[in-house]
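Step one of this worksheet: look at the structure below.
Counting begins at 1 with the first residue of the sequence. Counting starts at 1 for both ligands and their atoms, following the listed order.
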Amino acid sequence: MTQKIPATIVTGFLGAGKTSLLRHLVAHAAGRRLAFVINEFGTLGIDRELLLGCGMAACCEDDIVELANGCICCTVAEDFLPTLQGILERGEAPDHIVIETSGLALPQPLVQAFNWPEVKSRVSVDGVIVVIDAAAVAAGRFAEDPAAVAAQRAADPSLGHDNPLEEVFADQLACADLVILNKSDLLDAAARAATRAAIAARLRPAVKLIEAEHGRIAPPLLLGLGAAAEEDLANRPSHLDAAGEHDHDDFESFVVERGPVADTAGFLRKLAAAATAHDILRLKGFLAVPGKELRQVVQGVGARLDHYFDRPWGADEARRSRLVVIGRKGLDRAAIAAALQA
Ligand SMILES: [Zn+2]
């Protein structure tokens with residue numbers, strides 16, 4: 001067993017100071033290899049450019065992936081998980097993964113994604129960091145520019161939740177392992193103390209609150225929290241639970257084995273049909289194709305399937321086809337297996 005790679009989730013509304021925090025992290029990485037997943041699509045491309053523009057050797061282009069297709073918690077299966085797997089499958093795995101969510105994302109469904117079978121064995125959520133605009137919170141607005149947040153919401157067709165900012169804020173606090181109070185220098189002493197106390201009162205015990213200016217926080221305070229948040233969702237309630245509309249997804253996976261596949265194209269059509277009929281989220285594995293020296297790899301997200309030959313079969317390897325099927329709990333395993341073995 002190798003040690004799991006820690007992943008830190010940084011959330012907070014547009015303008016709260018998440019990017020400053022990330023830039024400071026990159027500038028003080030001290031040789032630690034960081035990979036970033038950026039989902040702040042309201043500022044399309046800008047966060048990535050800002051990070052790349054840091055000019056730091058520790059920050060190479062491949063280490064920053066942008067997820068600009070919509071809210072990260074609503075596109076977990078289609079976008080986030082394949083991206084994370086891409087990072088894990090690269091030659092040199094990072095020392096730490098940092099995920100910046102859009103300000104509208106609810107942290108709980110994202111944390112739950114780390115219970116996905118392919119990910120759980122390799123990565124653990126080191127901590128959820130919530131960056132707060134203290135001045136905006138003190139004014140009851142939560143975000144510096146609520147109109148910009150509303151525009152961000154309107155621009156995202158994949159967004160599956162329309163919670164008011166106050167509820168998103170409550171979910172952020174409920175899931176936090178660390179809260180960064182930015183821009184508190186804009187408040188006078190009394191307002192600053194009152195805001196700090198009001199937020200502290202809403203945090204789980206032992207969750208720390210740090211005041212910062214321009215995201216300048218020493219990396220050891222941010223990374224290495226060891227929260228294993230994915231194991232602790234029961235203590236991090238979300239408005240989605242109360243609404244009952246979007247349970248934290250529980251995933252399951254199983255393996256289907258079968259003999260060689262002579263008609264690959266026909267089989268792929270069958271796979272796509274099964275993925276749609278049974279709401280399969282991910283399919284991956286390889287096929288034995290008669291007369292071919294190479295294994296054929298198949299992988300798919302939903303009904304979108306990719307296939308290619310990867311390597312010759314080993315001399316001592318049984319030429320069998322083997323597929324891992326992943327979906328939400330309650331897959332009809334017997335029906336899926338029957339469809340794939342036909
Ligand atoms: Zn979402």
### Task
Please list, chain by chain and in numerical order, all residues satisfying salt bridge (charged side-chain N to carboxylate O under 4.0 Å, His left out) with E231, sequence neighbours excluded.
K120

### Query
Under the side-chain contact (heavy atoms from CB on, under 4.5 Å) test, which residues partner S184, sequence neighbours left out?
A134, R192, E211

### Shortest non-hydrogen separation from L34 to L25 and the atoms involved
CD1-O, 4.1 Å

### Summary
At a cut-off of 2.8 Å, protein N/O/S around the Zn ion (ligand 1) gives C71 SG, C73 SG, C74 SG, H161 NE2

### Task
Just jot down the side-chain contact (heavy atoms from CB on, under 4.5 Å) partners of Q296, sequence neighbours excluded, or say none.
T264, L287, V289, H307, F309

### Task
Could you check D185 against L187 for side chain to side chain contact (heavy atoms under 4.5 Å, CB included), going step by step and ending with a plain yes or no?
CA-CA 5 Å; D185 53 311; L187 300 174; over 6 Å; no

### salt_bridge(D310, R295) N-O dist < 4.0 Å
yes

